[in-house]
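First the structure, in the form of structure tokens, and then the observations on it.
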Amino acid sequence: MKRRTSMVAAGMTLALSALTPLTAAAQDPMAAQHRHCEREFERSSEALGDAFARRDLNRFMAGFAEDAVQINSLGQVLNGKPAITAFYRAVMANEYVFKRTLLAQTITPQCSSAVVVDRVEFTIPSAGITLHAIDVANWARVRGQWRLSADTTTPIANP
């Protein structure tokens with residue numbers, strides 16, 4: 001009986017080992033698809049940061065969802081793209097220096113949403129203002145396009 005059980009186990013192991021290449025092949029396209037998703041997301045995220053650094057309001061706002069919500073460093077809640085646009089129009093009227101350092105980024109396996117955490121430094125030299133903050137950006141992928149859906153900027157002490 002023991003010998004028969006071990007033969008059955010050996011037979012099952014052999015049968016299942018034949019499926020291993022099929023499983024690996026199925027995972028490779030999924031991994032490749034996720035890598036493509038990550039690259040696509042990173043391009044969208046970097047384009048938004050670049051547009052802000054260059055004070056390109058139209059290109060910057062193109063990255064926001066219509067119903068986006070933002071809580072800025074002053075604690076103001078801005079609901080919807082028109083309110084966020086008005087805020088950034090005022091911000092971008094100034095000369096400023098903007099630096100961001102990526103702290104964390106994660107994208108769901110389904111490539112439907114992402115979260116980015118940055119440390120930011122925002123300086124308006126003419127006003128003598130420097131803001132150090134942590135920014136948490138929540139992104140959603142809608143109809144194949146990444147859009148910023150919620151953003152919170154929280155001031156931190158000067159590091």
How about [X] and [Y]: do any of their side-chain heavy atoms sit closer than 4.5 Å?
X      : Y      : value
Ile134 : Val117 : yes
Trp139 : Ser45  : yes
Ile129 : Thr123 : no

Are [X] and [Y] in one and the same hydrophobic cluster, where Ile, Leu, Val, Met, Phe, Trp and Tyr link if side-chain heavy atoms are under 4.5 Å apart?
X      : Y      : answer
Val97  : Val91  : no
Val115 : Leu148 : no
Val120 : Ile156 : no
Leu131 : Leu102 : yes

Rounded distance [0.5 Å steps], [atom1] in [X] versus [atom2] in [Y]:
X      : Y     : atom1 : atom2 : value
Glu40  : His36 : CD    : NE2   : 5.0 Å
Arg54  : Phe98 : CZ    : CZ    : 13.5 Å
Trp146 : Arg43 : CH2   : CZ    : 12.0 Å

>> Set out, in order, the CA-CA distance, both residues' side-chain angles and the distance that settles side-chain contact (heavy atoms from CB on, under 4.5 Å) for Thr130 and Asn158, then state yes or no.
In response: CA-CA 9 Å; Thr130 298; Asn158 185 356; over 6 Å; no
Please report the shortest heavy-atom distance between [X] and [Y], naming the atom on each side.
X      : Y      : value
Ser73  : Pro155 : O-CG, 3.4 Å
Leu78  : Asn72  : CD1-ND2, 4.2 Å
His34  : Ile107 : CE1-O, 3.8 Å
Ala133 : Thr153 : CB-CG2, 3.6 Å
Tyr96  : Pro125 : CA-CD, 4.2 Å

>> Side chains of Gln105 and Glu38: any donor to acceptor distance under 3.5 Å?
In response: no
> Just checking, any donor-acceptor pair under 3.5 angstrom between side chains of Asn138 and Ser149?
Replying inline: no
Report, one line per pair, each donor and acceptor closer than 3.5 Å where one atom sits in a side chain of residues 58-70; sequence neighbours left out.
unit_1, atom_1, unit_2, atom_2, d
Arg59, NH2, Ala47, O, 3.4
Arg59, NH2, Asp50, OD2, 2.6
Glu66, OE2, Lys81, NZ, 3.4
Gln70, OE1, Tyr88, OH, 3.3
Gln70, NE2, Tyr88, OH, 2.7
Gln70, NE2, Asp151, OD2, 2.7

> With sequence neighbours left out, what residues match Arg119 under side-chain hydrogen bond (donor to acceptor under 3.5 Å, both in side chains)?
Replying inline: His132
> Would you call the rings of Phe52 and Phe122 parallel, tilted or perpendicular, where under 30° means parallel and over 60° means perpendicular?
Replying inline: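 Taking Phe122 first and then Phe52, their aromatic rings sit tilted (interplane angle of 30° to 60°).
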> Taking only residues at least two apart or on different chains, which pairs with a member in residues 46-126 satisfy disulfide (SG to SG under 2.5 Å)?
Replying inline: Cys37-Cys111
>> Has Thr152 got a side-chain atom pairing as donor or acceptor with Ile71's backbone, closer than 3.5 angstrom?
In response: no
>> Any salt bridge linking Glu121 with Arg100? Criterion: basic side-chain nitrogen under 4.0 Å from a carboxylate oxygen.
In response: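 No, this pair does not count.
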